[in-house]
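See structure below.
Remember, it's a predicted structure, so these values are computed and weren't measured experimentally. Letters A, B, ... mirror the listed sequences (proteins, then strands); counts begin at 1.
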Number of protein chains: 2
Amino acid sequence: MPAKISAQSAEVPERSPLPAGRNLLFLREEELRLAQDLLFFGYRDFTAGADEILVELGMGRAHHRVLHFVGRRPGITVGDLLGILAITKQSLGRVLQPMVEDGYVTQTPGRSDRRQRLLTLTEKGAALERRLFERQRETIMRAYREAGPVAVEGFRRVMRGLMGEQATAAFELLEGPAAEPGTSR
Amino acid sequence: MPAKISAQSAEVPERSPLPAGRNLLFLREEELRLAQDLLFFGYRDFTAGADEILVELGMGRAHHRVLHFVGRRPGITVGDLLGILAITKQSLGRVLQPMVEDGYVTQTPGRSDRRQRLLTLTEKGAALERRLFERQRETIMRAYREAGPVAVEGFRRVMRGLMGEQATAAFELLEGPAAEPGTSR
DNA sequence: CCGCTTGGGTCAGTATCATTGACGCATCGG
DNA sequence: CCGATGCGTCAATGATACTGACCCAAGCGG
């Protein structure tokens with residue numbers, strides 16, 4: 001329990017490489033292993049805050065993801081959501097169904113294709129998403145602010161590069177087009 | 001919640017003068033939601049490659065983490081490993097025990113404290129870790145190379161900033177002292 | 001109108017990773 | 001010798017994910 005990091009953990013006299021010309025040194029094995037560590041610790045703590053809230057509500061990370069992506073793309077189809085999450089129908093169903101029943105998400109038949117069930121957050125769902133977001137916001141803001149704008153841009157570039165084809169497609173679907181199915185708040 | 005983000009940032013060598021007004025744009029809500037997306041997709045694909053290999057061997061991500069951190073710190077104690085992974089003894093035991101039985105990891109009693117069981121990778125364990133690493137290496141290398149050294153440095157700064165206290169301590173324990181306090185090797 | 005495809009839901013069974021709480025054992029240190 | 005520590009372990013539980021099969025309703029081409 002005692003996190004004994006006694007001294008100020010912010011001194012930066014790192015034995016930082018890339019002193020002279022920024023060569024390809026950053027591709028050395030040690031640097032890549034460092035990336036593994038950073039991703040592990042960073043991602044874990046990034047999700048930790050929201051997880052605490054979710055536990056109180058008897059939900060898990062999967063619920064958060066649904067809230068997040070439905071909030072990001074109101075009126076998204078189940079199929080598109082499945083594509084983004086890259087999980088099976090069953091896995092989504094187990095999470096989505098209770099969320100509909102509990103009034104976090106609504107399903108409305110598609111206009112042009114009535115087989116579709118377009119997903120949207122209810123007021124209640126949006127409120128919870130908001131709450132979860134605020135929690136993560138603190139974490140990200142702190143990291144962003146300490147690192148500075150240049151670092152943030154670099155962070156984004158690297159993270160984008162980590163994505164494979166499928167994720168890149170999903171990502172661009174998300175960030176890109178304001179889409180067609182209407183419903184742009 | 002610590003409201004003092006200021007204390008340590010005074011010590012950090014800023015890379016840019018940072019004129020407040022327009023540079024804070026990257027802290028807008030949309031930018032922060034983008035970060036959520038990036039972390040989700042990026043982390044998922046970062047782990048995806050290794051996961052494929054692990055499945056073939058009937059292992060999971062937890063096994064990989066053990067291989068990774070034991071490989072990073074040969075002779076690590078069970079307690080320290082638990083601290084790094086931030087899981088319970090049971091969770092670790094369920095994974096570690098078979099790995100010892102299957103000859104991926106060895107346990108040797110500590111010299112100064114014989115209660116300890118220092119963990120080390122066997123040849124077989126190191127080989128598997130190597131294989132998993134090579135897989136992730138490709139992913140990271142591509143992302144790093146495309147993004148460039150400046151971006152990589154930024155990526156690191158942001159990821160470090162995402163870590164909480166506990167993770168920061170664990171991280172510095174990992175990256176920091178190779179061997180100092182006399183006791184260990 | 002008739003099939004076939006597609007969007008979506010569901011049943012049943014299984015695996016991994018994680019949890020809590022309690023107990024056992026050997027060793028360390030005063 | 002006694003209490004604290006390092007480690008292992010039992011039992012029960014829960015969240016997330018998977019596979020494969022099967023069903024319904026709606027779209028769509030012929």
(message) It should be established whether H63(A) places a side-chain nitrogen or oxygen under 4.0 Å from OP1 or OP2 of nucleotide dA15(D).
(response) no
(message) If you compare every side-chain N and O of T88(A) against the phosphate oxygens of dC18(D) (OP1, OP2), does one of them come in below 4.0 Å?
(response) yes
(request) Looking only at side-chain atoms of R94(A), point me to the closest of dA18(C), dC18(D), dA17(D). (result) dA17(D)
(message) Rounded to whole Å, how long is the line connecting atom CG of D80(B) with atom P of dT5(D)?
(response) 15 Å
(request) Assign a letter to each nucleotide of nucleotides 8-13 of chain D from its 5' end: B, base within under 4.0 Å of a protein heavy atom; S, sugar-phosphate only; -, no contact. (result) BBBB--
(request) Take the protein atom CG of D113(B) and the nucleotide atom C1' of dG30(C), then report the distance between them rounded to whole Å. (result) 15 Å
(request) In whole angstrom, give the distance that lies between atom CG of L54(B) and atom P of dA17(D). (result) 18 Å
(request) Rounded to the nearest angstrom, tell me the gap between atom CZ in R114(B) and atom P in dC25(C). (result) 19 Å
(request) Mind calculating the distance between CZ (R115(A)) and C1' (dC24(D)) to the nearest angstrom? (result) 12 Å
(message) Nearest whole Å is fine: how far is dC17(C) C1' from R61(B) CZ?
(response) 10 Å
(message) Assess whether a salt bridge exists between E29(B) and R130(A), defined as any Lys/Arg side-chain N lying under 4.0 Å from an Asp/Glu carboxylate O.
(response) yes
(message) Measuring to OP1 and OP2 of dC18(D), would you say a side-chain N or O of S91(A) lies under 4.0 angstrom away?
(response) yes
(request) Could you state the atom-to-atom distance from CG of L118(A) to P of dG9(C) in whole Å? (result) 11 Å
(request) Estimate the overall bend of the helix from dC1(C)-dG30(D) to dG30(C)-dC1(D) from the end axes over five pairs each, rounded to 10 degrees. (result) 30°
(request) Please report the C-alpha distance between E175(B) and D37(A) in whole Å, then the side-chain angles of each, then the deciding distance to 0.1 Å, and finally whether the side chain to side chain contact (heavy atoms under 4.5 Å, CB included) criterion is met. (result) CA-CA 9 Å; E175(B) 316 293 332; D37(A) 297 340; 2.5 Å; yes
(request) State whether E129(A) and R33(B) are salt-bridged, where the test is any N-O pair (Lys NZ or Arg NE/NH1/NH2 against Asp/Glu carboxylate O) under 4.0 Å. (result) yes
(request) Take the protein atom CD of E52(A) and the nucleotide atom C1' of dA18(C), then report the distance between them rounded to whole Å. (result) 16 Å
